[in-house]
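Working notes for the structure below.
Everything numeric in this text was worked out from a predicted model, so none of it was measured. Residue indices begin at 1 and follow the sequence shown. Keep in mind that the numbers below use all heavy atoms, side chains included, and drop hydrogens, waters and symmetry copies.
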Amino acid sequence: MADRSTAAVGVADEGGEAPPAAREDDATPDGTTTDDQESGTAGDGNPPKDTAEGTEKTEDGAEETAQAPAVDADPQPAQAEPDPDPQPDPEPSPRPAPRAKPKTSAPDLHSGHRLARRYQLAECVTRVDGFSSWRAVDEKLRRAVGIHLLPAEHPRSRQVLAAARSAALLGDPRFVQVLDAVEEGELAYVIHEWLPDALSLTDLLASGPLEPHEAYQMASQVSQGMAAAHREGLAHLRLDPGAVLRTSSGQYRIRGLAVAASLRGLSSDRPQRQDTEAIGALLYAALTQRWPYEEDAHGLSGLPKGVGLVAPDQLRAGVHRGMSDVAMRALVNDGATASREVPPCTTPEELAKAIAGIPRIRPPEHPAPVYQPPAFQQPPQPPTGATRYTVAGPSALPTAPPPALPGRTGSALKWAVSALLIVAIGLGSWQLADAMKSRENHSPRKPPSSPSANQNPAPPPSTPLTIVGVKDFDPPPKGNGSETPSQIGRVDDHDPNTTWETSWYSNAGFGDLKDGVGVILDLGSAHRVSSVAVNVVGDTDLELWAAPQGTTTRPTTLDGFQKAAGGSGDQKVTLKPSGQVTSRYLLVWLTKLPVDSDGTFRGRISEISVTG
């Protein structure tokens, strides 16, 4: 028998397709072998067990009939009536060929078809190799979902369902989540998240290579996610630019974990090395906008033929040297050599550590906003009958003054106005001097030692405070004690593109399971706190709580804090205490979550800063 890959063996064991030799020799018009149709297993040259046993029993019975002696001692004469039920021919009949069972085919699916009275198909995205992928609508939760569909009798249906259920148990937010895996009637289908606001890496690279910081974020998040998957025994094996999505919040998500390979019957003897090389190819493409092999693929041009694998910083100017070296270390197994004398990365975990060792790459500074000068406003029009003056200009002539009053009338009027002004100035000066003298005689003198005893001291200037520690906060009895602790360091890493996000809930009130979750800030010692600025993603309700002055250990329950301020917003929320607050431990408490793109609810915080 010809050798088969690991995937082919696994499929055959689960009722999958037969070896290639069997398909070529004994194939029926519908593409399956006779043995496959009869027993549901791959043909191995032997008849099915139940058919073989039945044939043996028939032959044994025929031989017994032929050898059995006559029991009737008084046989009938030759002219007797013929027996209405003659005995069969004592010679065994030839073994009939097994009849092929008709293969169940999937119904004709189209837009508008409903599955499980809940999922309505909207658009077919892929149709290849016996399965199809659809964008659909979950009418119960009113959200978009993705569906992989294949006939229940498909050779890989069981393998796909098993892979989907294993991926669903991972629960890592860096992957597109599998929501359900069902075999129902003639169909088997896998339901997964649909991210309408996300763009694939293929779409991002269509306009050019990524910025160094963006390429760093992509490689770091993808390698860390795949390292977590391999620790649970899961591999991707089809990690290409179309499998990596970037959401509007800057997070990268991986789709098709284990399921994409199962749908196509892929397997590997070294899954960790294969996924590591795939991440290296993604990083190479992100830095250069070229595919690191000679063949064009995924909308990208390949490398020049006969040149070999060239380091990214030698292929394109301006590429970050550290990221170029990491990409070469991931691709070293195909004949490439790293730019420095360092060992290759053979697992996603080693690649994640290598990326983390690169000096921090700062995000590009956004250009200062350009403020347009306001449009020229016409001066107000003078009232009707008023004298109109023109604006002075290079060629404008001076306006003629109004004509003077004629004769003695004008002169008398000038002297009268002058006299009135002199009298008014004199009276005002006398009244001012008299008031100042009266105040000096009646007001008590203040002691010179305390000139500002009754004045309020000016508040000290506001200064930023250093956060020495952060901790996720999900207190019992309603909470389980932690809320995505692996991401908590992102709230004070001074990188607005990274976010700490809560778990997902069914409504904005935490699924009616708890009152809220939050982040505890440790200032190192007690400080006066004037405000706390929180950058959030989506419309979120927040509260600021502070531990009482003198608290030296981090509280573990909400009773250990006192509420100081509240606010809400969808970008930057500033929480200012109404009174004076002096504390070492602060709690940013989320009380209402925004809706996510997949219809669930989760909170996200990118940065927190404290001002004293």
Under 3.5 Å, which donor-acceptor pairs do the side chains of residues 553-569 form with other protein atoms, sequence neighbours left out?
| unit_1 | atom_1 | unit_2 | atom_2 | d |
| --- | --- | --- | --- | --- |
| Lys563 | NZ | Glu543 | OE2 | 3.3 |

From [X] [atom1] over to [Y] [atom2], what is the distance, rounded to the nearest 0.5 angstrom?
| X | Y | atom1 | atom2 | answer |
| --- | --- | --- | --- | --- |
| Arg329 | Ser324 | CZ | OG | 12.5 Å |
| Arg584 | Leu523 | CZ | CG | 8.5 Å |
| Lys353 | Gln224 | NZ | CD | 11.5 Å |
| Lys471 | Leu587 | NZ | CG | 11.5 Å |
| Trp291 | Leu205 | CH2 | CG | 9.5 Å |
| Asp541 | Leu590 | CG | CG | 9.0 Å |

Can any side-chain N or O of [X] pair as donor or acceptor with the backbone N or O of [Y] at less than 3.5 Å?
| X | Y | result |
| --- | --- | --- |
| Ser166 | Ala162 | yes |
| Asp203 | Ala206 | no |
| Ser583 | Ala547 | yes |
| Ser606 | Thr498 | no |
| Ser482 | Pro485 | no |
| Glu350 | Thr346 | yes |
| Thr551 | Pro548 | yes |

Side chains of [X] and [Y] in contact at under 4.5 Å (non-hydrogen atoms):
| X | Y | value |
| --- | --- | --- |
| Asp138 | Leu179 | no |
| Ser223 | Ile355 | yes |
| Met218 | Leu282 | yes |
| His192 | Val145 | no |
| Glu501 | Pro173 | yes |
| Gln177 | Phe175 | yes |

Q) Can you check side chain to side chain contact (heavy atoms under 4.5 Å, CB included) on Glu349 and Arg231, steps first, answer last? A) CA-CA 9 Å; Glu349 189 167 0; Arg231 283 195 293 268; 4.0 Å; yes

Q | Presence of salt bridge, Arg490 and Glu607, under 4.0 angstrom | A |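 Here Glu607 does not pair with Arg490 in a salt bridge, since their nearest N and O are not under 4.0 Å apart.
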
Q. Is Asp515 paired with Lys478 through a side-chain N to carboxylate O contact shorter than 4.0 Å?
A. yes

Q: Could you give me the CA-CA distance, side-chain angles and deciding distance for Arg255 and Glu193, then say whether salt bridge (Lys or Arg N to Asp or Glu O under 4.0 Å) is met?
A: CA-CA 9 Å; Arg255 62 181 172 187; Glu193 283 184 293; over 6 Å; no

Q: Evaluate salt bridge (Lys or Arg N to Asp or Glu O under 4.0 Å) for Asp596 paired with Arg604, printing each intermediate quantity in order.
A: CA-CA 10 Å; Asp596 205 351; Arg604 290 187 175 92; 3.1 Å; yes

Q: Looking only at non-hydrogen atoms, find the nearest pair between Thr126 and Val128 and report the distance.
A: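 For Thr126 and Val128, the tightest heavy-atom pair comes out as CG2-CG1, 3.7 Å.
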
Q. Which residue pairs satisfy the salt bridge (Lys or Arg N to Asp or Glu O under 4.0 Å) criterion with at least one member in residues 168-179, sequence neighbours excluded?
A.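 Non-adjacent pairs meeting salt bridge (Lys or Arg N to Asp or Glu O under 4.0 Å): Asp172-Arg174.
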
Enumerate donor-acceptor pairs with a distance under 3.5 Å from any side-chain N or O in residues 529-540 to protein atoms, sequence neighbours excluded.
| unit_1 | atom_1 | unit_2 | atom_2 | d |
| --- | --- | --- | --- | --- |
| Ser530 | OG | Thr611 | O | 3.0 |
| Thr540 | OG1 | Gly538 | O | 3.0 |

Q: Scan Met323, Glu211, Arg316 and name whichever one has a side-chain contact (heavy atoms from CB on, under 4.5 Å) with Leu287.
A: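 Of the listed residues Met323, Glu211, Arg316, the side-chain contact (heavy atoms from CB on, under 4.5 Å) partner of Leu287 is Met323.
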
Q. Under the criterion side-chain hydrogen bond (donor to acceptor under 3.5 Å, both in side chains), which of His230, His236, Arg238 is the partner of Asp275?
A.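 Testing each of His230, His236, Arg238 against Asp275, the sole residue satisfying side-chain hydrogen bond (donor to acceptor under 3.5 Å, both in side chains) is His230.
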
More than 12 non-hydrogen atoms from neighbouring residues, nucleotides or ligands closer than 6.0 Å to [atom1] on [X], yes or no?
| X | atom1 | value |
| --- | --- | --- |
| Lys592 | NZ | no |
| Arg360 | CZ | yes |
| Glu139 | CD | yes |
| Lys514 | NZ | yes |

Q.
Can you list everything that forms a side chain to side chain contact (heavy atoms under 4.5 Å, CB included) with Arg290? Sequence neighbours excluded, please.
A.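 Arg290 satisfies side chain to side chain contact (heavy atoms under 4.5 Å, CB included) with Thr288, Ser301, Leu303, Pro304, Leu315 once adjacent residues are dropped.
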
Verify the distance criterion only: is there a donor paired with an acceptor across the side chains of [X] and [Y] at less than 3.5 Å?
| X | Y | answer |
| --- | --- | --- |
| Ser525 | His527 | yes |
| Trp134 | Ser132 | yes |
| Tyr189 | Glu183 | no |
| His298 | Thr202 | no |
| Asp197 | Ser248 | yes |

**Q.** side chain to side chain contact (heavy atoms under 4.5 Å, CB included) between Val519 and Leu521, worked out
**A.** CA-CA 6 Å; Val519 177; Leu521 311 176; 3.9 Å; yes

**Q.** Full working for ring-ring contact (aromatic ring centres under 6.0 Å, His included) between His320 and His213
**A.** CA-CA 9 Å; His320 190 275; His213 178 266; over 10 Å; no

**Q.** Pair Asp325-Arg321, salt bridge (Lys or Arg N to Asp or Glu O under 4.0 Å): steps then yes or no
**A.** CA-CA 6 Å; Asp325 290 345; Arg321 176 67 183 276; 3.6 Å; yes

Q | Evaluation steps, side chain to side chain contact (heavy atoms under 4.5 Å, CB included), between Ile520 and Val470 | A | CA-CA 6 Å; Ile520 297 179; Val470 292; over 6 Å; no

Q: Please identify each residue that fulfils side chain to side chain donor-acceptor pair (under 3.5 Å) with Asp180, with sequence neighbours left out.
A: none

Q: Any ring-ring contact (aromatic ring centres under 6.0 Å, His included) involving residues 488-517? Give me the pairs, sequence neighbours left out, ordered by first then second residue.
A: Tyr505-Phe510

